[in-house]
Number of protein chains: 2
Amino acid sequence: MFYIESEMTQIRPFTQAIDRLKTVHLRPTRQRLGLVRLLFEGGNRHVTAEQLHAEAQAAQIRVSLATVYNTLNQFTAAGLLREVTVEAGRSYFDTNVSDHHHFFHEDSGRLQDIPSDQVQVKDVPPPPPGTAIARVDIVVRLKSQEK
Amino acid sequence: MFYIESEMTQIRPFTQAIDRLKTVHLRPTRQRLGLVRLLFEGGNRHVTAEQLHAEAQAAQIRVSLATVYNTLNQFTAAGLLREVTVEAGRSYFDTNVSDHHHFFHEDSGRLQDIPSDQVQVKDVPPPPPGTAIARVDIVVRLKSQEK
DNA sequence: GTGATTGCAAATCTTTTGCACTAAA
DNA sequence: TTTAGTGCAAAAGATTTGCAATCAC
């Protein structure tokens, strides 16, 4: 342990990001590392490709929008992210892949997690013959309160 | 009552379609009447704009795809239809506007109603301050059963 | 007549893809 | 080296829009 504090905080997150990618068998490229750090350092997030691309630019991480899309899809396929569908025409990606649901603020387009223990679906009907339930999604749509 | 049977069955649905449009203050144009009849004569339906346009063509109802889109949006705004979002990139419109939920067959893209009395959400969390719940959507995603 | 509605083509928006170039193993 | 990954521009798919022609009232 001979790193000084400032070096530690620089290096540790990189190591974590690299490990996260290695775990899912994706090469830790400069672009993926940058996106992993934006996505996973700092709590649960819900982002669109466009948003993440803008953030990357702001953070001096040079990456094309096409690569952001491809990366988000790869991360989703690898189980690092979960795609949330609340609006036709726009895809959100959620860094929280555990069982939970969402509030959706219709006017701002913002998503917010609802822990799974806070909502329960009572009596999910049996799936039709020949099918199995892949997932149950609950979206609580919110409008701003009119007085 | 002096119409013969064949004339009755011709005329009654038109009258109903006209009334349905008048109720929501939309002029009963040839295109809207055709679409209303396709949508509402024959049980609950879940359609995309593309599907409805194809049906209209098949039924000799001349209407452009742009008008189908505009009409579906107008009907939704008027409360005649409800938009169901299950896949980013495609909008479904549901002729059932009462409180209910959906099965979504992921491989076929088919939607199926779940009557509201068959699922219950237990303990919907309170909406964040300044907001009110507009709607709670439950989508049960189905995959075809692999043996 | 007059304002609403329609059709068409063009525009827009989001997302995907083909391919030559670059980088990781 | 060898194969995976990237950027760019072009393509694709869904939906919206501008505007002249048409239709309902």
Side-chain angles (χ1 to χ4, degrees), chain A residues 14-15 17-38 46-57 60-78 80-93 109 111, chain B residues 14-15 17-36 38 46-57 60-78 80-81 83-93 109 111:
Chain A
F14 269 112
T15 312
I18 290 171
D19 288 347
R20 199 185 289 264
L21 287 171
K22 284 194 173 160
T23 304
V24 297
H25 306 293
L26 288 174
R27 287 187 183 176
T29 63
R30 180 175 56 75
Q31 292 82 342
R32 286 185 183 148
L33 282 172
L35 297 179
V36 164
R37 301 192 57 193
L38 286 178
H46 304 91
V47 296
T48 64
E50 207 71 57
Q51 279 167 15
L52 186 59
H53 183 240
E55 270 186 48
Q57 309 244 274
Q60 312 283 338
I61 299 166
R62 289 190 357 300
V63 56
S64 72
L65 181 57
T67 295
V68 172
Y69 271 106
N70 291 337
T71 303
L72 287 172
N73 287 333
Q74 290 160 174
F75 284 8
T76 301
L80 254 35
L81 295 175
R82 171 171 146 184
E83 193 172 351
V84 182
T85 305
V86 282
E87 272 187 319
R90 214 199 324 246
S91 277
Y92 289 82
F93 294 87
L111 274 172
Chain B
F14 270 110
T15 311
I18 290 170
D19 289 347
R20 198 183 290 263
L21 287 172
K22 284 194 173 158
T23 305
V24 297
H25 307 291
L26 288 173
R27 289 189 182 175
T29 64
R30 180 175 56 73
Q31 292 81 342
R32 285 185 184 149
L33 282 171
L35 296 179
V36 164
L38 286 178
H46 304 90
V47 296
T48 63
E50 205 72 59
Q51 278 166 16
L52 186 60
H53 184 242
E55 271 185 49
Q57 309 244 271
Q60 312 283 337
I61 299 165
R62 286 186 4 295
V63 57
S64 71
L65 181 57
T67 296
V68 172
Y69 271 106
N70 292 336
T71 303
L72 287 172
N73 288 333
Q74 289 160 173
F75 284 8
T76 302
L80 254 34
L81 294 176
E83 192 172 351
V84 183
T85 305
V86 282
E87 274 187 318
R90 211 197 329 241
S91 277
Y92 288 83
F93 294 86
L111 273 173

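Numbered from 1 within each chain, the chains take letters A, B, ... in sequence-line order. The basis for the numbers below is simple: all heavy atoms, side chains too, and nothing from hydrogens, waters or symmetry mates.
The separation between B/Glu50 atom CD and D/dT15 atom P is 8 Å, rounded to whole Å. Per the geometry, CD belonging to A/Gln51 stands 11 Å off P belonging to C/dT14, to the nearest Å. Between the NE2 atom of B/His25 and the P atom of D/dC25 there is a distance of 14 Å, rounded to whole Å. B/Leu52 places its CG atom 15 Å from the C1' atom of D/dT15, with the value rounded to the nearest Å. Atom NE2 of A/His53 is separated from atom P of C/dC13 by 17 Å (rounded to the nearest Å). Between B/Asn70 atom CG and D/dG18 atom P there is a gap of 12 Å when expressed in whole angstrom units. In this entry the distance linking NZ of B/Lys22 with P of C/dA4 reads 18 Å, nearest Å. Rounding to whole angstrom units, CD of residue B/Glu87 and C1' of D/dT15 are separated by 16 Å.
Here B/Tyr69 reaches the OP1 or OP2 of D/dT15: one of its side-chain N or O atoms lies under 4.0 Å away. The side chain of B/Thr67 places an N or O atom within less than 4.0 Å of a non-bridging phosphate oxygen (OP1 or OP2) of C/dG7. Residue A/Gln31 places no side-chain N or O under 4.0 Å from the OP1 or OP2 atom of C/dA23. Residue A/Thr48 places no side-chain N or O under 4.0 Å from the OP1 or OP2 atom of C/dT14. For C/dG7, the OP1/OP2 oxygens have a side-chain nitrogen or oxygen of B/Ser64 closer than 4.0 Å. When the side-chain nitrogen and oxygen atoms of A/Ser91 are compared with OP1 and OP2 of C/dT15, one or more of them lie within a distance under 4.0 Å.
Checked against D/dC8, D/dA24, C/dT5, the side chain of B/Arg32 finds its nearest nucleotide in C/dT5. Taking the side chain of B/Ala66 as heavy atoms from C-beta on, and the options C/dA9, D/dC8, D/dT15, the nearest nucleotide is C/dA9.
For B/Arg32 (side chain) and B/Leu21 (main-chain N/O), no donor-acceptor pair under 3.5 Å exists by modelled atom type. For the pair A/Gln57 (side chain) and A/Ala54 (backbone), a donor-acceptor distance under 3.5 Å is absent.
Nearest-nucleotide positions on DNA chain D place B/Phe93 closer to the 5' end than the other of B/Phe93 and B/Arg30. Between A/Leu65 and B/Ala49, the one whose closest nucleotide on DNA chain D sits nearer the 5' end is A/Leu65. With the nearest nucleotide of DNA chain C identified for both B/Val63 and B/Ala88, B/Val63 has the one nearer the 5' end.
Between A/Thr76 and A/Arg82, the closest side-chain pair of non-hydrogen atoms is not below 4.5 Å. By the 4.5 Å heavy-atom criterion applied to side chains, B/Val84 and B/Val86 are counted as neighbours.
As judged by a 4.0 angstrom heavy-atom cut-off over every strand, A/Asn73 is placed among residues touching the sugar-phosphate backbone only.
For the pairing with B/Leu38, the side-chain contact (heavy atoms from CB on, under 4.5 Å) check across B/Leu33, B/Val47, B/Leu52 returns one residue only, B/Leu52.
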